[in-house]
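Single-structure report; data block below.
The chains referred to below are lettered A, B, ... by the order of the sequence lines, with proteins before strands, and numbering in each begins at 1.
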Number of protein chains: 2
Amino acid sequence: MQRSDTSGPHSGDEDGRGSDTRSRILEAATIHFADKGFDGARTQTIADEAGVNRAMLYYHFRDKEHLYREMLTSHFQVIFRQVFPTFLQLDLGARERVLTIVGVYLGFLRKNPQIRSLLLYELAAGGPHLSEVFDTLLASVPGLELEQVFEQIGTMMGAGAVRPGDPRQFFLHILSLTIFPFAARPLLESIWKLGPGEYDTLMAGRHDAIADLFDHGLFSGKEAS
Amino acid sequence: MQRSDTSGPHSGDEDGRGSDTRSRILEAATIHFADKGFDGARTQTIADEAGVNRAMLYYHFRDKEHLYREMLTSHFQVIFRQVFPTFLQLDLGARERVLTIVGVYLGFLRKNPQIRSLLLYELAAGGPHLSEVFDTLLASVPGLELEQVFEQIGTMMGAGAVRPGDPRQFFLHILSLTIFPFAARPLLESIWKLGPGEYDTLMAGRHDAIADLFDHGLFSGKEAS
DNA sequence: GTCTATAGTTCGATAGAC
DNA sequence: GTCTATCGAACTATAGAC
């Protein structure tokens, strides 16, 4: 069952070991797939940017499709293992807990710009790859249960810490306010005629803006209802 | 300067007149580009679904690129002419005004499912086409000034109707909460294991959930700060 | 493991008859 | 305006030498 010190061809090993060529290909594939999408990406370009021969792509991975899926999996793994658990492991009050989650999301998106376009291409295509990637990841990270998130939201609602309602809408609020501004960046830069630095400034103030919305709502005049 | 009663080849005419073939191609192009994206779409498939010969695509439009851009323009035109003006023409109080805008957005997205993937493909690609499309549209709809929106938000903030802050963050809140849940639909359906009807139900309750967030914030315990 | 050479397709676009 | 036929380019994938 034991393998030698180099990953074999077509291996799905996850550890950073493996041949250097293999990881260089994955790195180049990330950049190019994020830029052009699966259909727009060219295996020649990936090989060139990785500094390897094009045939190496077919030796280390089976074909373009397998290369793409392994690349996708390696990145969404980070979300599942680092970002997602923050929903559960925090031992804080409701407010600090939610705002910490928002901060983790915003920080992750600011540090991993390629995730943005990779996710958008997948969403646009309807997520045919994502379902399989998610199944793989959920199976490989056994301590992760989606239901726990909603249980904890329900607990917070029951304790009166957050307003009662559908936990999924609660979840959608947080996801929307954090992810969308990053996703729509090129569109908004175009509409608002912003330079690159201006949008970074806007994103730097995003956390406080969301906190203000969560704390006070949108309107100054105290509500009727 | 006057043209005969049929649109000529490569004409950028916008009125619904023109040859029936031309509009059928645009309709088929919408569906197929929304499904596969620009790089993934095949001119043969578009021609087949339109029930015309493939050479007609090159007669009525110059090439694949021009067909795509005209298709995009025709759809985003609707946003510019029908959705966007609701930001300015409403003669309501701040709360009703914002919630009406949210309702218009949600309604538009629910009725135009193809817009979702068309927008996502463009966002993923970084919006190279969108800039040109927007410039074209802003020029063709003269009574539309982006600055007016932020002026009116500033006015509402000055009058104490909405909380003071960066108007762009205010704008991002509204866009995020309405657009993202539609954009992320396939991903969330996959994660949450939802049937098609369940997500529609969730979107039907979206307006009220956003209104509650805007009215009361996210937390029950009245804020500190 | 890495390279060259090439097979085998697919696709966008055009020419030209009707 | 619509069709057929076809060109030429681009691309994925494989075979096989080293």
B:Tyr59 has a side chain; which of D:dT2, C:dA13, D:dC3 sits nearest to it? D:dT2

How many Å lie between CE on B:Met56 and P on C:dA15, as a whole number? 15 Å

With a non-hydrogen cut-off below 4.0 angstrom, is B:Asn53 in contact with a base, only sugar-phosphate, or nothing? base

Kindly assign one of parallel, tilted or perpendicular to the pair B:Phe76 and B:Phe134, based on the angle between their ring planes and the thresholds 30° and 60°. tilted

Do A:Arg54 and D:dA13 have a side chain to base donor-acceptor pair shorter than 3.5 Å? yes

Atom-to-atom span, CZ of B:Phe38 to P of C:dC11 - whole angstrom: 14 Å

Rounded to the nearest Å, what distance is computed from the CG atom of residue B:Asp39 to the C1' atom of nucleotide C:dT10? 15 Å

At under 4.0 Å between heavy atoms, what does B:Ala47 touch on the DNA or RNA strands: base, sugar-phosphate, or nothing? nothing

Among C:dG12, D:dT12, C:dT2, the one nearest A:Arg42 by side-chain distance: D:dT12

Criterion ring-ring contact (aromatic ring centres under 6.0 Å, His included) on B:Phe170 and B:Phe150, from CA distance to verdict: CA-CA 10 Å; B:Phe170 178 97; B:Phe150 291 101; 9.3 Å; no

Round to a whole Å and report the spacing from CZ of B:Arg22 to P of D:dG1. 10 Å

Over how many whole Å does the gap from A:Leu57 atom CG to C:dT2 atom P extend? 12 Å

Could you check which of D:dT14, C:dA13, C:dC3 has an atom nearest any side-chain atom of A:Tyr58? D:dT14

Choose from C:dT4, D:dT4, D:dT12 the nucleotide whose nearest atom is closest to any side-chain atom of A:Lys64. D:dT12

Atom CD1 of A:Ile46 to atom P of D:dA10: distance rounded to whole Å? 18 Å

A:Ala55, nearest nucleotide to its side chain (from D:dT2, C:dA13, C:dT4): C:dT4

Without decimals, in angstroms, what is the distance between A:Lys36 NZ and D:dA10 P? 15 Å

Centroid separation under 6.0 Å, is that true for the rings of B:Tyr68 and B:Tyr121? no

Is A:Arg185 paired with A:Asp200 through a side-chain N to carboxylate O contact shorter than 4.0 Å? yes

Scan side-chain atoms only and decide if B:Asp63 and B:His66 contain a donor-acceptor pair under the 3.5 Å cut-off. yes

OP1 or OP2 of C:dT2 sitting under 4.0 Å from any side-chain N/O of A:Thr21? yes

In whole angstrom, what separates B:His66's NE2 from C:dT14's C1'? 16 Å

B:Thr43 vs C:dC11: side-chain N/O to OP1/OP2 distance below 4.0 Å: no

